[in-house]
Participant: 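Before anything else, here's the structure in question.
Remember, it's a predicted structure, so these values are computed and weren't measured experimentally.
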Amino acid sequence: MLPKKVLLVEPPFHRLYKPTYSLTLYPLGLGYLAGAIKKNTDWDVMVYNADFTPKSEYRELVYETGPGFYRYLDNLKNPSAEIWNEIRAVIKEFQPSVLGISAKTQNFRSATVIAKIAKEIDKNITVVLGGAHPSMAGEDVLTCPDIDICVVGEGEKTVVNLLEAIEKQRSFEGIKGVIYKAQGKIVKNAPQEYIQDLDALCFPHEHAPAVLRDYAHYPKEAFSTIFATRGCPHNCVFCGSRMIWSRKVRFRSPENVAKEI
């Protein structure tokens with residue numbers, strides 16, 4: 001019987017530059033997905049921020065052209081690097097049947113390394129890639145042989161539908177918001193509708209104590225950010241927001257935001 005376990009991963013980026021660099025934040029996107037899974041399914045879910053280390057020298061963003069950049073390149077090329085061994089150990093320990101990776105463009109290469117590690121551990125793990133990069137790049141991400149499914153746009157509804165199909169061993173035909181491989185071909189489904197009632201979503205930090213790996217090692221500041229809106233009316237060339245949430249702004253109610261705070 002298929003173990004109903006899903007591991008949601010933020011790939012490393014900062015830690016590839018230096019072991020003490022760290023994304024010392026709870027990734028809100030994964031927090032929202034975990035909340036949707038907890039609320040709407042009976043799957044066991046773990047969130048693993050692989051870009052976090054308790055021994056952190058905090059860096060919000062890292063742009064280095066010196067030794068750090070060469071360490072970054074070396075780590076990407078070395079499958080035996082410490083960071084990949086840590087990720088390998090977490091996957092082996094949790095034994096998920098579904099691995100969900102949230103990728104921005106800067107950590108997409110890192111995400112492909114994780115996907116390969118997962119398939120080496122168990123070729124039957126279903127690897128799903130979501131987040132900003134696949135929402136912009138679409139089916140191009142499936143050129144990576146280790147990624148099975150691409151989720152485009154908001155993922156809260158889509159991930160629940162995917163897990164239901166995987167559990168019941170159904171095809172992904174008709175599941176909105178996904179691009180997937182079937183019989184050697186790439187199939188692109190219709191887009192997922194945007195969530196209009198944002199108040200219906202779980203607070204992303206609500207389940208953090210239960211689902212976030214190493215929760216006790218995070219400082220309080222890691223849980224201090226919230227989203228009050230989704231969507232942006234602007235069209236900046238350097239930003240992929242419009243590809244995920246559209247250019248139409250949706251608002252949570254003031255009461256809902258105040259309750260989360």
Side-chain angles (χ1 to χ4, degrees), residues 1-12 26-51 84 86-103 107-108 110-135 139 141-142 144-182 186-189 192 202 204 207-208 210-213:
M1 185 176 178
L2 182 73
K4 294 192 288 186
K5 301 177 74 173
V6 54
L7 178 62
L8 302 177
V9 181
E10 174 75 21
Y26 182 35
L28 288 186
L30 295 184
Y32 274 110
L33 292 179
I37 293 169
K38 294 282 286 184
K39 180 180 179 180
N40 298 291
T41 80
D42 60 352
W43 281 62
D44 187 14
V45 56
M46 175 191 286
V47 175
Y48 170 41
N49 178 6
D51 208 19
W84 307 125
E86 176 191 307
I87 291 169
R88 193 174 284 109
V90 171
I91 295 173
K92 287 182 177 180
E93 177 188 347
F94 190 64
Q95 296 182 328
S97 55
V98 177
L99 177 69
I101 309 172
S102 178
N107 62 12
F108 171 65
S110 178
T112 64
V113 176
I114 296 175
K116 183 177 182 180
I117 289 172
K119 290 294 188 179
E120 288 173 348
I121 292 171
D122 182 355
K123 62 181 178 59
N124 294 315
I125 292 177
T126 300
V127 177
V128 184
L129 190 78
H133 184 76
S135 293
E139 61 193 66
V141 304
L142 295 182
C144 172
D146 303 304
I147 297 173
D148 301 304
I149 305 169
C150 167
V151 173
V152 177
E154 290 180 318
E156 289 86 359
K157 291 181 181 177
T158 305
V159 71
V160 171
N161 294 335
L162 273 175
L163 293 180
E164 181 180 359
I166 291 170
E167 178 182 345
K168 296 181 179 179
Q169 298 183 323
R170 297 199 312 250
S171 77
F172 304 130
E173 182 180 358
I175 297 179
K176 294 180 178 180
V178 301
I179 307 172
Y180 62 99
K181 300 171 183 175
I186 293 179
V187 181
K188 186 175 183 178
N189 289 355
Q192 181 68 263
C202 296
H207 298 289
V211 304
L212 178 61
R213 182 179 175 85

Participant: Please report the shortest heavy-atom distance between Val141 and Pro134, naming the atom on each side.
Facilitator: CG1-CA, 4.0 Å
Participant: Between Leu33 and Leu30, is there a side-chain heavy-atom distance shorter than 4.5 Å?
Facilitator: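 With C-beta onward as the side chain, the pair touches.
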Participant: Side chains of Val187 and Phe172: closer than 4.5 Å at any heavy-atom pair?
Facilitator: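 No, too far: nothing below the 4.5 Å cut-off.
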Participant: Identify the heavy atoms of Val127 and Ala118 that sit nearest to each other, and give their distance.
Facilitator: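 That would be CG2-CB, 4.3 Å.
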Participant: Working to the nearest 0.5 Å, report the span between CG of Asn49 and CG of Leu212.
Facilitator: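 Here the rounded value is 7.5 Å.
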Participant: Using the side chain to side chain donor-acceptor pair (under 3.5 Å) definition, which of the options Asp44, Thr41, Asp42 pairs with Lys4?
Facilitator: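 The passing option is Asp42.
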Participant: Do the side chain of Lys92 and the main chain of Ile121 share a donor and acceptor less than 3.5 angstrom apart?
Facilitator: no
Participant: Out of curiosity, Lys119 NZ to Asn124 CG, how far, rounded to the nearest 0.5 Å?
Facilitator: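 One gets 7.5 Å once the value is rounded to the nearest 0.5 Å.
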Participant: Counting C-beta onward and ignoring hydrogens, is there a side-chain heavy-atom pair between Val211 and Val45 closer than 4.5 Å?
Facilitator: yes
Participant: Looking only at heavy atoms, which two atoms of Glu167 and Trp43 are closest? And how far apart?
Facilitator: OE1-NE1, 3.2 Å
Participant: May I ask you to test the Asn107-Ser102 pair for a side-chain heavy-atom distance under 4.5 Å?
Facilitator: no
Participant: Taking the side chain as everything from C-beta on, heavy atoms only, tell me whether Glu164 gets closer than 4.5 Å to Arg170.
Facilitator: yes
Participant: Out of Arg213, Glu10, Glu86, which residue meets the side chain to side chain donor-acceptor pair (under 3.5 Å) rule with Tyr48?
Facilitator: Glu86
Participant: Report yes or no: does Lys181 contribute a side-chain atom to a donor-acceptor pair with the main-chain N or O of Ile147 at less than 3.5 Å?
Facilitator: yes
Participant: Please tell me if the side chains of Tyr180 and Ile175 come closer than 4.5 Å, counting only heavy atoms from C-beta onward.
Facilitator: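 Tyr180 vs Ile175: side chains apart.
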Participant: Under a 4.5 Å cut-off applied to non-hydrogen side-chain atoms, are Ile37 and Leu8 in contact?
Facilitator: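 Contact flag for Ile37/Leu8 side chains = yes.
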Participant: Once ring-ring contact (aromatic ring centres under 6.0 Å, His included) is applied, do any residues pair with His207, and if so which ones, sequence neighbours excluded?
Facilitator: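 For His207 there are no ring-ring contact (aromatic ring centres under 6.0 Å, His included) partners, ignoring immediate neighbours.
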Participant: Testing the basics here: between Ser97 and Leu2, what is the closest heavy-atom pair and its distance to 0.1 Å?
Facilitator: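 In this case the closest contact between Ser97 and Leu2 is CB-CD1, 3.5 Å.
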Participant: Between atom CE of Met46 and atom CG of Leu99, what is the distance when rounded to the nearest 0.5 Å?
Facilitator: 12.0 Å
Participant: For residues Ala165 and Ser171, report the shortest heavy-atom separation together with the two atoms involved.
Facilitator: CB-O, 4.1 Å
Participant: Could you state the interatomic distance from SG (Cys144) to CG (Leu129), rounded to the nearest 0.5 Å?
Facilitator: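 Cys144 SG to Leu129 CG: 8.5 Å, rounded to 0.5 Å.
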Participant: Could you check whether any side-chain heavy atom of Thr112 comes within less than 4.5 Å of a side-chain heavy atom of Asp146, counting everything from C-beta outward?
Facilitator: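 They are not in side-chain contact.
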Participant: Using 0.5 Å steps for rounding, measure from the CD1 atom of Ile114 to the CD1 atom of Ile101.
Facilitator: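 Here the rounded value is 5.0 Å.
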Participant: Quick check: does any side chain N or O of Thr126 sit under 3.5 Å from a backbone N or O of Val98, one acting as donor and the other as acceptor?
Facilitator: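 Looks like no, no N/O pair under 3.5 Å.
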Participant: side-chain contact (heavy atoms from CB on, under 4.5 Å), that's the test. Do Leu7 and Glu93 meet it? Break it down for me.
Facilitator: CA-CA 11 Å; Leu7 178 62; Glu93 177 188 347; over 6 Å; no
Participant: What do you reckon, is CD of Glu120 surrounded by more than 12 foreign heavy atoms closer than 6.0 Å?
Facilitator: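 For Glu120, atom CD is crowded (more than 12 foreign heavy atoms under 6.0 Å).
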Participant: Please find the pair of heavy atoms, one from Gly174 and one from Asn189, that lie closest to each other, and give the distance.
Facilitator: N-ND2, 3.6 Å
